[in-house]
Amino acid sequence: MPMETLPTTGRPARMVRVTLGMAALLLVVAGAGCSSLRSEGLSYGRMALPYDRTRLGTTTSLDVLNFAHDPAYRFSLDEAEPVLLTQSDTAIAYSGRSADDRKTWLNLVVFDEFRMTAGRKYFFCIDERATGEDRGAEEEGSRLAPLTLFSSRKALLFDGECLLPPEVLTTPYATEEAQKIALVRWLAERFKNDMTTLVGSPRTPTQGNRQLTVSRMMVNQLFHGILTELAQSPGLAKDLGTDVGIPFPHASLGEGRLRLLVGSDIVVMTVRINLPLSPLAQ
């Protein structure tokens with residue numbers, strides 16, 4: 001009889017030990033994953049330091065060049081490849097890529113050719129695997145599904161801030177919505193021209209690197225999608241300045257959101273795909 005009872009009592013015991021072992025392993029893996037995310041240190045705000053610290057109309061080209069020496073903008077080889085500096089007579093760009101190829105980013109500052117103070121600035125980042133920790137807390141009312149510990153999706157960020165020349169501000173438009181659409185189109189042209197000034201045309205580049213190429217292509221694609229949506233549904237423009245902005249479809253990433261804020265002499269553009277429509281945080 002004892003020989004008959006051993007298999008029935010031992011099997012549950014072994015199953016309990018195996019279950020506990022698997023649970024412990026899962027906790028170790030999960031803890032390592034969270035630790036890796038924290039130790040990676042590549043927050044969007046940290047990558048965007050040159051963009052964040054540039055003040056339009058005040059920051060000079062020398063100031064922007066000095067950002068390269070800021071300890072806060074230095075990354076270990078475990079975090080990222082060396083950040084690349086690209087400059088022309090009127091523009092300075094910092095482009096980078098994380099060590100795991102997950103994130104590619106660009107900071108571009110363009111200067112007034114006479115005063116050499118910043119007149120436009122842009123930040124772009126494509127994140128191949130944005131996790132729940134990267135995404136942060138979802139905004140109230142967001143349609144984005146919350147991510148679990150192990151889930152991820154590709155995310156995109158684009159921020160632009162530009163001083164508006166008088167001719168743009170004084171051009172008459174039939175409606176406020178038409179003016180806002182025209183401003184989005186103006187921003188698209190400015191970015192395209194600023195990149196061409198920096199690195200040449202896509203077919204005949206004069207300088208550049210992989211990060212610049214990826215950033216240029218994806219931002220131009222982003223503007224194309226936004227302008228196509230606004231051309232089809234111009235009524236959306238009335239909500240461009242709201243907290244939630246307007247939705248637009250992206251060819252490969254799903255739905256994004258755009259917010260456009262217009263001041264007396266400045267326009268600020270914020271685009272997020274699979275991320276909350278919120279400012280960058282250090």
Expected output: side-chain Gln207 to main-chain Gln87 donor-acceptor under 3.5 Å: yes
Hphob cluster co-occupancy, Val268 + Val244, side-chain heavy atoms under 4.5 angstrom: no
Test log, rule side chain to side chain contact (heavy atoms under 4.5 Å, CB included), inputs Met47 and Leu42: CA-CA 7 Å; Met47 290 184 285; Leu42 283 177; 4.3 Å; yes
Considering all heavy atoms, the nearest Ser61-Ile92 contact: O-CD1, 3.5 Å
Worked check of salt bridge (Lys or Arg N to Asp or Glu O under 4.0 Å) between Lys154 and Glu128: CA-CA 4 Å; Lys154 187 179 290 189; Glu128 299 291 336; 3.2 Å; yes
Exercise: identify the closest heavy-atom pair between Asn209 and Ser95: ND2-OG, 3.2 Å
Sub-4.5 Å side-chain heavy-atom contact between Leu277 and Thr270: yes
Table please: side-chain donor-acceptor pairs of residues 184-202 below 3.5 Å, with sequence neighbours left out.
{"unit_1": "Asn193", "atom_1": "ND2", "unit_2": "Glu189", "atom_2": "O", "d": "3.3"}
{"unit_1": "Asp194", "atom_1": "OD1", "unit_2": "Arg120", "atom_2": "NH2", "d": "2.8"}
{"unit_1": "Asp194", "atom_1": "OD2", "unit_2": "Arg120", "atom_2": "NE", "d": "2.8"}
{"unit_1": "Asp194", "atom_1": "OD2", "unit_2": "Tyr122", "atom_2": "OH", "d": "2.6"}
{"unit_1": "Thr196", "atom_1": "OG1", "unit_2": "Lys192", "atom_2": "O", "d": "3.0"}
{"unit_1": "Thr196", "atom_1": "OG1", "unit_2": "Arg216", "atom_2": "NH2", "d": "3.4"}
{"unit_1": "Thr197", "atom_1": "OG1", "unit_2": "Asn193", "atom_2": "O", "d": "2.9"}
{"unit_1": "Ser201", "atom_1": "OG", "unit_2": "Thr204", "atom_2": "N", "d": "3.1"}
{"unit_1": "Ser201", "atom_1": "OG", "unit_2": "Thr204", "atom_2": "OG1", "d": "2.6"}

Contacts of type salt bridge (Lys or Arg N to Asp or Glu O under 4.0 Å), residue Glu176, not counting sequence neighbours: Lys180
Spacing of CG belonging to Asp89 relative to CZ belonging to Phe111, to within rounding of 0.5 Å: 12.0 Å
Heavy-atom closest pair, residues Ala231 and Pro234: O-CD, 3.7 Å
Co-membership, hydrophobic cluster, residues Met269 and Leu253, 4.5 Å side-chain: yes
Side chains of Leu275 and Tyr44 in contact at under 4.5 Å (non-hydrogen atoms): yes
Nearest-0.5 Å distance that lies between atom CD in Gln179 and atom CG in Leu240: 11.5 Å
Separation of Leu164 CG from Ser264 OG (nearest 0.5 Å): 9.0 Å
Rounded distance (nearest 0.5 Å) linking atom CD of Glu255 with atom CD of Glu229: 9.0 Å
Ring pair (Phe, Tyr, Trp, His ring centres under 6.0 Å) pairs, two or more places apart, involving residues 76-110: Tyr73-Tyr94, Phe75-Trp105
Point-to-point distance, once rounded to the nearest 0.5 Å, from OG1 of Thr104 to CE of Met218: 9.5 Å
Polar side-chain atom of Asp239 near backbone of Thr242 as donor-acceptor pair, under 3.5 Å: no
Test item: Ile246 and Leu230 side chains (from C-beta on) under 4.5 Å apart, heavy atoms: yes
Under 3.5 Å: donor-acceptor pair, side chain of Ser88, backbone of Ala91: yes
Same cluster (ILVMFWY, side-chain, under 4.5 Å), Val109 and Leu65: yes
Residue list, salt bridge (Lys or Arg N to Asp or Glu O under 4.0 Å) with Asp112, at least two apart or on another chain: none
Which atom of Pro247 lies closest to which atom of Leu236, heavy atoms considered: O-CD1, 4.2 Å
Pair Thr228-His224, side chain to side chain contact (heavy atoms under 4.5 Å, CB included): steps then yes or no: CA-CA 6 Å; Thr228 298; His224 177 75; 3.8 Å; yes
From OG1 (Thr171) to CD (Glu167), nearest 0.5 Å: 7.5 Å
Nearest non-hydrogen partners of Tyr51 and Lys121, listed with the distance: O-NZ, 2.7 Å
Audit row: Leu222, Phe124, side chain to side chain contact (heavy atoms under 4.5 Å, CB included) steps and yes/no: CA-CA 11 Å; Leu222 182 73; Phe124 166 82; 5.9 Å; no
Path from Leu227 to Leu260 over hydrophobic side-chain contacts below 4.5 Å: yes
Derivation and outcome, side chain to side chain contact (heavy atoms under 4.5 Å, CB included), residues Leu212 and Thr86: CA-CA 9 Å; Leu212 286 171; Thr86 307; 3.5 Å; yes
Ser76 and Asp78: side chain donor to acceptor below 3.5 Å: no
Identified side chain to side chain contact (heavy atoms under 4.5 Å, CB included) counterpart of Phe158 within the set Val271, Ile273, Leu106: Val271
With sequence neighbours excluded, residues passing salt bridge (Lys or Arg N to Asp or Glu O under 4.0 Å) with Asp101: Arg97
same_hphob_cluster(Leu85, Leu49) at 4.5 Å side-chain heavy-atom cutoff: yes
Thr59 side chain near Val64 side chain, heavy-atom distance below 4.5 Å: yes
Salt bridge (Lys or Arg N to Asp or Glu O under 4.0 Å) between Glu79 and Lys103, intermediate numbers included: CA-CA 10 Å; Glu79 293 176 320; Lys103 296 174 181 175; over 6 Å; no
Whether Asn66 side chain and Asp63 backbone form a donor-acceptor pair below 3.5 Å: no
Salt-bridge contact Arg259-Asp243 (side-chain N to carboxylate O under 4.0 Å): no
Salt bridge (Lys or Arg N to Asp or Glu O under 4.0 Å) against Asp159, all qualifying residues, sequence neighbours excluded: Arg272
Note, Val168 side chain near Leu183 side chain (heavy atom, < 4.5 Å): yes
For Thr54 against Ala118, the heavy-atom pair lying closest together: CG2-CB, 3.5 Å
